[in-house]
Amino acid sequence: MALEDDYPEDGLEPREPSVEDLVALCRELNSLGAEYVVIGGIDYAEAAKDIVIRRVAEVDIPFASPRLLWRMKRVTHREKDAVDLLFLRQWFAARGETPPD
């Protein structure tokens, strides 16, 4: 049961973000000239070296590239990242590449 203080007075309730939310947010960030990349968390200057721009609903959105994802996930030692690392290892192998150091 939620407490009354858990919700703003305007009646809004929390919900999962949608693709439309992402597009609206990125459109606004782009219009403001913000530097950002869509990832789980990371220093922007380092991440910016290895991002991939994808166009979604006519908005350019920077995403972490497979190389950036590999570098971020290989140091976490989290169980949920192990599956991603396996997928990424196969992704690199299918392209005749090795994962970055």
Side-chain angles (χ1 to χ4, degrees):
M1 175 188 281
L3 301 173
E4 288 182 28
D5 292 339
D6 288 346
Y7 299 103
E9 291 183 21
D10 58 11
L12 296 176
E13 293 186 27
R15 64 174 173 74
E16 290 292 317
S18 66
V19 171
E20 292 79 16
D21 295 329
L22 174 65
V23 168
L25 174 62
C26 293
R27 180 179 288 122
E28 183 65 17
L29 290 171
N30 291 349
S31 74
L32 295 171
E35 293 180 332
Y36 68 98
V37 61
V38 177
I39 53 174
I42 201 163
D43 173 60
Y44 180 81
E46 181 63 27
K49 297 174 188 174
D50 217 358
I51 60 175
V52 177
I53 305 294
R54 297 284 185 243
R55 196 163 209 32
V56 179
E58 299 184 24
V59 174
D60 291 333
I61 302 175
F63 287 94
S65 71
R67 298 184 79 70
L68 179 56
L69 288 171
W70 175 269
R71 288 197 321 264
M72 290 179 348
K73 291 177 176 285
R74 73 183 170 99
V75 297
T76 64
H77 308 291
R78 297 182 307 185
E79 186 175 326
K80 66 182 186 177
D81 289 334
V83 175
D84 293 337
L85 288 170
L86 177 61
F87 171 83
L88 288 167
R89 186 180 307 279
Q90 293 170 347
W91 187 90
F92 286 115
R95 287 158 181 75
E97 300 177 31
T98 57
D101 292 328

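Keep in mind that the numbers below use all heavy atoms, side chains included, and drop hydrogens, waters and symmetry copies.
The heavy-atom pair separating R67 from T98 by the smallest distance is NH1-O, 4.0 Å. Of all heavy-atom pairs between Y36 and I61, the closest is OH-CA, 4.4 Å. The two atoms that bring A47 and I51 nearest to each other are O-CG2, 3.2 Å, heavy atoms only. Shown here for A57 and R27, the closest heavy-atom pair between the two residues is O-NH2, 3.5 Å.
Hydrophobic clustering, with ILVMFWY side chains joined whenever heavy atoms are under 4.5 angstrom apart, keeps V52 apart from M72. Cluster membership for I53 and L68, using ILVMFWY side-chain heavy atoms within less than 4.5 angstrom, is shared. Note: the hydrophobic cluster containing L32 does not contain V59 (ILVMFWY, side chain heavy atoms under 4.5 Å, direct or indirect links). There is no path of hydrophobic side-chain contacts, each under 4.5 Å, that joins L86 to F92.
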Checking side-chain contact (heavy atoms from CB on, under 4.5 Å) for the pair W91/W70: CA distance, chi angles, key distance, verdict? CA-CA 11 Å; W91 187 90; W70 175 269; over 6 Å; no
Please report the C-alpha distance between V56 and L22 in whole Å, then the side-chain angles of each, then the deciding distance to 0.1 Å, and finally whether the side-chain contact (heavy atoms from CB on, under 4.5 Å) criterion is met. CA-CA 9 Å; V56 179; L22 174 65; over 6 Å; no
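In this structure, the separation between CG on D81 and CZ on F87 is 14.0 Å, given to the nearest 0.5 Å. Summarising the geometry, atom NE2 belonging to H77 is positioned 10.0 Å from atom CG belonging to L85; distances are rounded to the nearest 0.5 Å.
The backbone N or O of D101 lies less than 3.5 Å from a partner atom in the side chain of R74, making a donor-acceptor pair.
Residues L69 and D84 form no side-chain contact, since every pair of their non-hydrogen atoms from C-beta on lies 4.5 Å or further apart.
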